[in-house]
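This report concerns only the one structure given below.
Keep in mind it's a predicted model, so treat the numbers as computed, not measured. Every chain is numbered from 1, with letters handed out A, B, ... down the list of sequences.
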Amino acid sequence: MYHHQELEKKWQKRWQDSNLYRTGTDFNKAKYYVLDMFPYPSGEGLHVGHPKGYIATDILARLRLMQGYNVLHPMGWDAFGLPTENYAIKNKIHPQESTTKNIATFKRQLKVLGLAYDWSREINTTDPSYYRWTQWTFLQMWKKGLAYESFAPINWCPSCQTGLANEDLEDGKCERCGSLIEQKPMRQWVLKITDYAERLLDDLDKLPGWEKSIKEMQRNWIGRSVGAEIEFKVKSNDLSNLTATKNLRVFTTRIDTIFGCTYLVLAPEHPLLEELKDQIKNWSVVEKYLQQVKNKTDLQRTDLNKEKSGVQLEGLQAINPFNQEALPIFIADYVLNSYGTGAIMAVPAHDQRDWEFAQKYQLEIRSVIKAPKSFTAKIYKGEGELENSGKFSGLNSLQARQQLLTYLEKNKIGQKKINYKLKDWVFSRQRYWGEPIPLIHCSKCGVVSVPEEELPVRLPEVESYAPTGTGESPLAAIDDWVQTTCPKCGGSAQRETNTMPQWGGSCWYYLRYIDPHNNSVLVDKKKEKYWSPVDFYVGGAEHATRHLIYARFWHKFLYDIGAVNYDEPFLRLQHVGLIMAQDGRKMSKRWGNVINPDEIVERFGADALRVYEMFMGPFDQAISWDTNGLIGTRKFLEKVERLFANFEILGEKVVQDDEKLLRILHQTIKKVEEDIESFNFNTAISALMILVNKLTIYHQKNNLSALTIKTNQFLLQILAPFAPHLSEELWEKLGNKESIFKSSWPQYNSELIKNKTINLVIQINGKLRTTLEVSADISQEEAWKIVQDDQAIKKWLTGKKVIKNIFVPGRLLNIVIK
RNA sequence: GCCGCGGUGGCGGAACUGGUAGACGCGCUGGACUUAAAAUCCAGUUGUAGUAAUACAGUGCGGGUUCGAUUCCCGCCCGCGGCACCA
């Protein structure tokens with residue numbers, strides 16, 4: 001037993017008093033930047049799942065510290081956001097006030113875990129000295145035309161009363177509150193992230209240190225598809241021999257199926273509809289359909305199971321530019337106005353959706369790609385040899401696409417086109433608790449930026465935080481804040497009253513840790529060059545398509561304007577697997593299954609919690625909490641403590657290092673070091689347990705330590721990143737004056753770790769029959785000699801013919817018999 | 001539907017590059033210590049048969065390659081995550 005409460009407090013105080021984790025400033029040393037995704041300080045405080053990632057980075061940071069690196073390992077708060085604001089509305093408490101309170105709670109909870117953060121670099125996104133630079137970057141984007149005002153319909157959450165970005169939706173619902181999202185035309189500030197789509201996609205290849213799954217999620221989200229835009233002429237029936245009335249562009253990835261196009265479909269919102277209204281003979285039917293579509297929610301509209309519906313635009317025809325065929329035109333809500341050109345060429349023979357539609361409205365289905373003989377289903381979606389395609393028949397899909405494209409471009413009826421699913425980032429929110437957008441509207445000069453030296457534009461005090469619901473932020477009601485003078489002409493003008501989304505401040509916080517108190521630039525260039533990029537970044541996978549795309553975009557922009565020296569912010573990325581409750585569900589107040597880390601630390605100690613969370617299973621996997629498992633790791637720490645307690649009593653005895661145990665020790669040093677680097681903490685701890693078990697057994701049998709004090713200290717050093725408090729205590733007990741984290745990580749002896757003897761596996765026809773303890777460098781001949789005389793093997797060989805021996809040096813001998 | 005990840009004892013999980021499947025921990029069983037309990041320590045713990053030595057089976061299912069497959073290939077099933085009328 002050891003008294004974790006006083007012991008842990010003692011060391012936490014000492015670390016703090018000695019500034020042990022203050023970031024080094026000697027730029028001649030190698031650097032290592034380990035970063036956690038900073039938390040949103042909610043009112044509920046932490047549960048045991050939250051710190052899992054922080055413990056992991058802490059272990060890595062401590063290893064790097066002992067290896068002699070300058071380590072940057074900071075923490076801060078992503079504190080703007082809706083829950084705090086909603087809390088303010090309900091309880092009339094200023095968001096700043098509850099934010100301050102929540103941060104204090106979080107910080108206390110993190111501190112009792114003994115995390116090695118450099119708190120002198122703490123940042124907070126709601127601090128004006130921080131958001132000044134968020135605003136500054138926004139202005140730079142605005143100046144480059146990357147931030148623009150849009151009046152297009154956007155996602156509107158009727159419950160949160162604000163516009164949202166595509167990334168903020170889940171299944172057509174608000175990610176925050178679950179309300180169904182509506183489309184609402186509104187004035188919005190939008191960031192042109194699509195300008196960066198290609199780089200965001202291509203540069204993923206520069207990040208071998210990112211998990212495949214997260215890169216895939218980003219690729220999916222960016223959604224690049226290569227195809228062609230083709231121009232059809234739209235003619236009125238009455239004037240079919242006259243010139244075309246309008247041009248209509250469609251986007252397709254399968255131009256090789258163009259001869260199979262038997263009709264065209266427009267999205268119901270397509271602008272051409274309004275333009276050709278007069279020539280559409282069944283306009284009243286069309287109008288009715290449009291009304292029906294309008295009444296559907298987005299969720300209903302995109303329901304894959306629903307039957308396709310649409311209406312033909314009677315009186316209009318489209319001309320296929322490749323064969324001059326006149327085709328009917330439909331509107332149908334299975335075509336989205338927001339993707340491509342909002343219009344498609346329908347090829348029912350080779351597209352599931354077009355096929356369904358054609359079936360319903362009895363349209364021609366014309367095969368233009370030969371299906372393989374083995375193909376039995378109705379719709380062949382694959383590639384192949386073209387048929388019924390004029391002079392292009394006989395080509396394969398790939399050749400056809402190239403030739404058709406050439407034809408398109410030569411005849412100026414279209415061109416190659418790349419489309420992305422990624423949409424520009426709707427960047428304004430009609431809420432209070434966010435960074436004000438630093439722009440001014442002047443009736444004479446238009447939109448004018450707040451001069452940089454006047455930044456930050458501070459959030460004003462308001463009476464009510466409640467959203468107005470009119471599409472205006474609560475800031476709009478603060479007249480003496482809104483009314484200002486135009487920086488350009490000096491005339492009266494109004495401030496922009498929208499605020500930035502929660503994701504704004506987190507786009508660049510990792511840069512600010514590098515230089516958190518700089519008042520003249522976002523980050524000092526020299527410091528940035530030294531510390532950037534982040535070497536290791538750890539956080540939840542739920543950020544794969546939000547924060548991690550936004551931050552990469554923001555960073556690339558900063559790179560383009562010369563503010564940072566490399567165009568990717570995070571070299572290595574690792575996602576944390578959730579800790580679920582014991583019942584297998586997510587830990588949540590709602591289910592009443594939350595485990596508070598404070599209680600665990602109180603009862604079992606921070607070290608036990610740390611070791612347990614790392615030992616539970618693979619780091620990136622979701623695993624259920626089990627307090628029994630935690631007791632196991634606590635017992636392990638007590639075992640370590642006992643080992644050294646007895647050591648003290650027996651300390652005077654002169655011992656020599658036991659060679660076998662010394663070998664295991666050095667193997668463990670290697671294993672622990674490598675496993676920390678690869679985030680396989682569970683196996684690192686398992687190795688430590690094996691070592692401690694062996695030392696304990698030796699200790700008990702011989703009533704003395706297997707190793708000298710000096711070698712025994714290695715054990716404490718490799719345990720220290722996991723269980724820093726106990727390791728410090730025992731380290732001190734052994735007579736060390738300085739912190740264990742000022743000692744150097746032990747070097748394993750690569751000669752020593754080689755096993756001298758091995759258990760040679762003897763197989764017969766691949767089946768294990770026996771093992772022999774032999775010298776590690778035994779030759780095949782020697783092994784064969786021994787094996788033939790072995791009783792266990794002899795009986796298998798009698799009456800059989802040995803065909804051959806397969807020998808894997810240092811491992812096995814397999815005898816193949818017949 | 002598409003993409004990614006996974007499926008191993010009662011449980012969490014381990015296994016290098018194709019080479020002893022089940023490390024380590026939890027739980028359980030038996031034992032030592034104790035007046036007793038806790039703690040600690042020892043032994044056992046994939047299944048079947050056997051006192052045992054040992055044998056056979058065994059890593060979601062069915063095939064294949066190989067001297068040898070949890071690992072590689074083909075075809076499925078199930079679970080998790082992401083995307084999704086994206087043309």
Give A/Val347 one of three labels, base, sugar-phosphate or nothing, depending on what nucleic acid heavy atoms sit under 4.0 Å from its own. nothing
Considering only the P atoms, how many Å lie between B/A32 and B/A37, rounded to the nearest integer? 11 Å
Can you check the A/Ile664 CD1 to B/A23 P distance for me, whole Å? 16 Å
Counting only Watson-Crick or G-U wobble pairs whose two distances fall under 3.5 Å, which nucleotide matches B/U20? none
With a 3.5 angstrom cut-off on both distances, give the Watson-Crick or G-U wobble partner of B/C2, or none if there isn't one. B/G82
Is there a donor-acceptor contact under 3.5 Å linking the side chains of A/His699 and A/Arg642? no
What integer number of Å spans the P atoms of B/U71 and B/G9? 15 Å
Hey, what's the ring geometry for A/Tyr361 with A/Phe330, parallel, tilted or perpendicular (30° and 60° as the breaks)? tilted
In Watson-Crick or G-U wobble terms, both distances under 3.5 Å, what is the partner of B/U70? none
Is there any side chain to side chain donor-acceptor pair (under 3.5 Å) pair reaching into residues 664-680 of chain A, and which pairs are they, with sequence neighbours excluded? A/Arg64-A/Glu677, A/Gln667-A/Asn755, A/Lys670-A/Glu674, A/Lys671-A/Asp675, A/Glu673-A/Trp745, A/Asp675-A/Thr683, A/Ser678-A/Asn680
Rounded to the nearest angstrom, tell me the gap between atom CG in A/Asp790 and atom P in B/U54. 11 Å
For a quick check of understanding: with a heavy-atom distance under 4.0 Å over all strands, which category does A/Asn805 fall into, base, sugar-phosphate or nothing? nothing
Mind jotting down which residue pairs meet the salt bridge (charged side-chain N to carboxylate O under 4.0 Å, His left out) criterion with at least one end in residues 610-624 of chain A? Sequence neighbours excluded, please. A/Asp58-A/Arg610
Applying a 3.5 Å limit to both distances, which nucleotide forms a Watson-Crick or G-U wobble pair with B/A15? none
Could you tell me how far B/C26 sits from B/G75 if I compare only their C1' atoms? Round to whole Å. 38 Å
For RNA chain B, whose closest nucleotide is more 5', that of A/Lys671 or that of A/Phe251? A/Lys671
Taking the six-membered ring for Trp, are the ring centroids of A/Phe615 and A/Phe636 within less than 6.0 Å of each other? no
Not counting sequence neighbours, list each pair that qualifies as a salt bridge (charged side-chain N to carboxylate O under 4.0 Å, His left out) and has a residue in residues 251-268 of chain A. A/Arg254-A/Asp256, A/Asp256-A/Arg401
Quick one: A/Trp355 CH2 to B/G1 P, roughly how many Å, whole number? 16 Å
Calculate the interatomic distance between A/Leu248 atom CG and B/A87 atom C1'; express it in whole Å. 13 Å
Residues A/Tyr334, A/Asp354; criterion side-chain hydrogen bond (donor to acceptor under 3.5 Å, both in side chains); working and verdict: CA-CA 9 Å; A/Tyr334 80 91; A/Asp354 297 343; 2.8 Å; yes
To the nearest angstrom, the CD-C1' distance between A/Glu167 and B/C83 comes to 13 Å
Nucleotide opposite B/U29 in a Watson-Crick or G-U pair, distances under 3.5 Å: B/A43
Just checking A/Glu356: base, sugar-phosphate only, or nothing, at a heavy-atom cut-off of under 4.0 Å? nothing
Please classify the nucleic acid contact of A/Gly632 as base, sugar-phosphate, or nothing, using heavy-atom distances under 4.0 Å. sugar-phosphate
Ring-face cation contact, A/Tyr339 with A/Lys421, 6.0 Å cut, 45° max: no
Nucleotide opposite B/G9 in a Watson-Crick or G-U pair, distances under 3.5 Å: none
With no hydrogens and no angle check, do the side chains of A/Thr194 and A/Asp424 hold a donor and an acceptor under 3.5 Å apart? yes
Between the protein and nucleotides 62-70 of chain B, list the N/O to N/O atom pairs that are separated by less than 3.5 angstrom.
unit_1, atom_1, unit_2, atom_2, d
B/C67, O2, A/Asn814, ND2, 2.2

Taking any heavy-atom pair under 4.0 Å as a contact, classify A/Lys639: base, sugar-phosphate, or nothing. sugar-phosphate
Exam field: side chain A/Tyr289 to backbone A/Ala332, donor-acceptor pair closer than 3.5 Å: no
Please tell me if the side chains of A/Trp221 and A/Glu167 come closer than 4.5 Å, counting only heavy atoms from C-beta onward. yes
Return yes if the base of B/C83 and the side-chain atoms of A/Arg219 contain a donor-acceptor N/O pair under 3.5 Å, otherwise no. no
Salt bridge or not for A/Glu638 and A/Lys635, using N-O below 4.0 Å? no
Return the polar atom pairs (N/O with N/O) between nucleotides 5-9 of chain B and the protein under 3.5 Å, or none.
unit_1, atom_1, unit_2, atom_2, d
B/C5, OP1, A/Lys212, NZ, 2.9

Span that lies between the P atom of B/C56 and that of B/A69, in whole angstrom: 15 Å
Answer with base, sugar-phosphate or nothing: what part of the nucleic acid does A/Arg224 contact at a heavy-atom distance below 4.0 Å? nothing
Under a 90° cut-off about 0 for the syn range, is B/G30 syn or anti? anti
Please report the distance, rounded to the nearest Å, between CZ in A/Arg353 and C1' in B/C2. 12 Å
Return the value, rounded to whole Å, for the distance between atom CD1 of A/Ile258 and atom P of B/A87. 16 Å
P gap between B/G22 and B/U70, integer Å: 12 Å
Using the P atom as the point on both nucleotides, what is the distance between B/C3 and B/A57, in whole Å? 38 Å
Hunt down the Watson-Crick or G-U wobble partner of B/C61, both distances under 3.5 Å, from any strand shown, or write none. B/G75
Under 4.0 angstrom, heavy atoms only, what part of the nucleic acid is A/Trp796 near: base, sugar-phosphate, or nothing? sugar-phosphate
Positive for side chain to side chain contact (heavy atoms under 4.5 Å, CB included) with A/Thr257, one of A/Arg366, A/Glu383, A/Met345: A/Met345
For A/Ser624 and for A/Tyr420, find the nucleotide of RNA chain B with the closest heavy atom, then tell me which residue's nucleotide is more 5'. A/Ser624
Could you please name the partner base of B/A52, counting Watson-Crick and G-U wobble pairs only when both distances are under 3.5 Å? none
Using the rule given for salt bridge (charged side-chain N to carboxylate O under 4.0 Å, His left out), can you reason through A/Glu170 versus A/Arg546, listing the C-alpha separation, both sets of side-chain angles and the distance that settles it, and then say yes or no? CA-CA 12 Å; A/Glu170 239 166 45; A/Arg546 295 182 190 128; 3.4 Å; yes
Rounded to the Å, how far apart are A/Asn759 CG and B/A23 P? 16 Å
Contacting residues from residues 610-623 of chain A, given that a heavy atom lies under 4.0 angstrom of RNA chain B: A/Phe615, A/Met616, A/Pro618, A/Gln621, A/Ile623
P gap between B/C83 and B/C67, integer Å: 47 Å
Do the ring centers of A/Tyr380 and A/Trp355 come within less than 6.0 Å of each other? no
P atoms of B/C16 and B/G27, separation to the nearest Å: 28 Å
